[in-house]
Amino acid sequence: MDYDIKDINLAPEGKQRIEWADREMPVLRLIRERFEKEKPLEGIRIAACAHITTETANLARTLQAGGAEALLIASNPLSTQDDVAASLVADWGIPVMAIKGESTETYMRHVRAALDSNPNIIIDDGSDVVATMLKEKKELAGQIIGTTEETTTGIVRLKAMENAGVLTFPSIAVNDAQTKHFFDNRYGTGQSTLDGVIRATNILLAGKTLVVVGYGWCGKGVAMRARGMGANVVVTEIDPIKAIEGVMDGFRVLPIVEAAKIGDFFVTVTGNRHVIDRQHFESMKDGAIVCNSGHFDLELNLDALRDMSQEPVKRRPFVEEYRSKDDSKSVIVLGEGRLINLAAAEGHPASVMDMSFANQALSAEFLVKNKETLGAGVHVLPSEVDQEIASLKLRAMGVRIDELTPEMLEYLSSWETGT
Ligand SMILES: NC(=O)c1ccc[n+]([C@@H]2O[C@H](COP(=O)([O-])OP(=O)(O)OC[C@H]3O[C@@H](n4cnc5c(N)ncnc54)[C@H](O)[C@@H]3O)[C@@H](O)[C@H]2O)c1
């Protein structure tokens, strides 16, 4: 088996942590148990590009239980948990190519190795594997049953491929399932982003001004949780509707040029480029702490900051101080501008990834079952799948809800009754 990981001897610790996460993933476990019996993925080669975390390990086990030959690579150079990679190789015989802190060259070598495995299904997170296939190995597209995409940014890229007429196979937008982005992006990113900021800095959030750049699903989660910890939260947006939501949720909404002057912490979650740029770094207070939890590391214009600063000094793991050339002030950057929740913490807690990865496992099964009929383009899973995942999750949480009575059902499907 070909693999490229940091140290196979880390496997025992990784196994323990994978099993710990599994306790919080009851929906995925039920799917795994069914997959073991039904083998819906028998003989399917899957290349999965994901953050190599304990939760992803449980997804990989599920795909393997379904009969797939799965290979894993990292979807970000800083998000790999090396003990998890070791355990997947040693304990489950699943090839992994991922090392925390790998260079961009190594990252891309792993992406190409994933394509060399001639996958039938690509599970992507950010669309780097699919984009590389279309740019460098177009001939593989013919054997692809379909791909699945985990995150908002990846879906933006897939839709661009669709518009350009190059997406010649079906892609399931896993992020667009309600049981994914309502929970993973909001509650997952909300908690784990602050976890990353706190683990990296150990600074009290209470009483600090924290600027959330982008009030989408992730931004709402970060803002809500930061307020819960006592921070004064400021939101910046470019979308007037999201901005009104921010205002009515009780946050102060400002343009970034003004927010830049008052923030103690900045968290970007936009999926957009250079949302904190040179002029914003220039107007920040001494000691302002800046990080990103959006998918790619281009949300902060770190080239501009490097250009304005002396050589950065590492203050703690994942904490770098950029001192201005005139020595008047510093800006602190966390996690090299990469997803802070995965760089400095452990990513989302297992309980939300349970639903996200239930969607991934069921998407792989859906692609295989519907391979003759699904056309090229971006698809979402049928809403019954969302309902089923939500019902299973509620049952696992011990929460019961009401059912429609025949009277209610009749009312909801008729138009005659009014005032
Ligand atoms: N850290 C994680 O674990 C994690 C989890 C899920 C998603 N993501 C990533 O986070 C990013 C955001 O995801 P989302 O689901 O919240 O997307 P979203 O589309 O719901 O929200 C993004 C928001 O950013 C706003 N925006 C865009 N440019 C802006 C700018 N210059 N200034 C201010 N606001 C701006 C948009 O108007 C939008 O409201 C994506 O890159 C996504 O892939 C990260």
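These numbers come from the heavy atoms of this one structure, side chains and all, not from hydrogens, waters or symmetry mates. Heads up: numbering here begins at 1 and tracks the sequence. For clarity, every value in this text was computed on a predicted model and none was experimentally measured. Start at 1 and go down the list; that is how both ligands and their atoms are numbered.
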Subject >> Option passing side-chain contact (heavy atoms from CB on, under 4.5 Å) with Thr62 (candidates Arg34, Glu33, Glu36, Arg32) >> reply: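 With Thr62 as partner, Arg34, Glu33, Glu36, Arg32 yield a single side-chain contact (heavy atoms from CB on, under 4.5 Å), made by Arg32.
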[atom] - nearest protein heavy atom and its distance:
{"atom": "atom 12 (C) of ligand 1", "answer": "Val269 O, 3.5 Å"}
{"atom": "atom 20 (O) of ligand 1", "answer": "Trp217 N, 3.1 Å"}
{"atom": "atom 44 (C) of ligand 1", "answer": "Ser293 O, 3.2 Å"}
{"atom": "atom 15 (O) of ligand 1", "answer": "Thr152 OG1, 2.7 Å"}
{"atom": "atom 2 (C) of ligand 1", "answer": "Asn341 ND2, 3.4 Å"}
{"atom": "atom 42 (C) of ligand 1", "answer": "Thr151 OG1, 3.3 Å"}
{"atom": "atom 16 (O) of ligand 1", "answer": "Cys218 N, 2.8 Å"}
{"atom": "atom 18 (P) of ligand 1", "answer": "Gly216 CA, 3.9 Å"}

Original post:
So is Lys220 close enough to ligand 1, meaning a heavy atom under 4.0 angstrom away?
Top reply: no
**OP:** Compute the minimum heavy-atom distance from Glu237 to ligand 1 and say whether it is under 4.0 Å.
**Re:** yes
Those atoms of ligand 1 less than 4.0 Å from some heavy atom in [X]:
{"X": "Asp239", "result": "37 (O)"}
{"X": "Gly271", "result": "11 (C), 40 (C), 41 (O)"}
{"X": "Asn185", "result": "6 (C), 7 (C), 15 (O)"}
{"X": "Val275", "result": "30 (C), 31 (N)"}
{"X": "Thr236", "result": "33 (C), 34 (N)"}
{"X": "Gly294", "result": "9 (C), 10 (O), 11 (C), 41 (O)"}

So, do [X] and [Y] sit near enough that their side-chain heavy atoms are less than 4.5 Å apart?
{"X": "Phe366", "Y": "Leu374", "answer": "yes"}
{"X": "Arg316", "Y": "Asn202", "answer": "yes"}
{"X": "Arg273", "Y": "Glu299", "answer": "no"}
{"X": "Asn359", "Y": "Leu381", "answer": "yes"}
{"X": "His348", "Y": "Thr189", "answer": "yes"}

If you measure only the distance, is there a donor-acceptor pair under 3.5 Å linking the side chains of [X] and [Y]?
{"X": "Asp128", "Y": "Ser75", "result": "no"}
{"X": "Ser79", "Y": "Lys100", "result": "no"}
{"X": "His110", "Y": "Asp4", "result": "yes"}
{"X": "Thr54", "Y": "Arg17", "result": "no"}

Should the proximity of [X] to ligand 1, defined as any heavy atom under 4.0 Å, be assigned to the side chain, the backbone, both, or neither?
{"X": "Thr189", "answer": "side chain"}
{"X": "Asn272", "answer": "side chain"}
{"X": "His295", "answer": "both"}
{"X": "His348", "answer": "side chain"}

Original post:
Can any side-chain N or O of Asp124 pair as donor or acceptor with the backbone N or O of Gly126 at less than 3.5 Å?
Top reply: no
Has ligand 1 got any nitrogen or oxygen that is less than 3.5 angstrom from a nitrogen or oxygen of [X]?
{"X": "Thr153", "result": "yes"}
{"X": "Asn175", "result": "no"}
{"X": "Asp184", "result": "no"}
{"X": "Thr193", "result": "no"}

**OP:** Run the salt-bridge test on Arg199 and Glu346 with the 4.0 Å N-O cut-off and return the result as yes or no.
**Re:**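 A salt bridge is present here (some side-chain N lies under 4.0 Å from a carboxylate O).
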Original post:
Partners of Ala141 by side-chain contact (heavy atoms from CB on, under 4.5 Å), sequence neighbours excluded?
Top reply: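 Partners of Ala141 by the side-chain contact (heavy atoms from CB on, under 4.5 Å) criterion, ordered by chain and then number, come out as Met133, Thr168, Phe169.
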Subject >> Spacing of Arg61 atom CZ and Trp92 atom CH2 [to the nearest 0.5 Å] >> reply: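 Taking CZ in Arg61 and CH2 in Trp92, the distance rounds to 4.5 Å.
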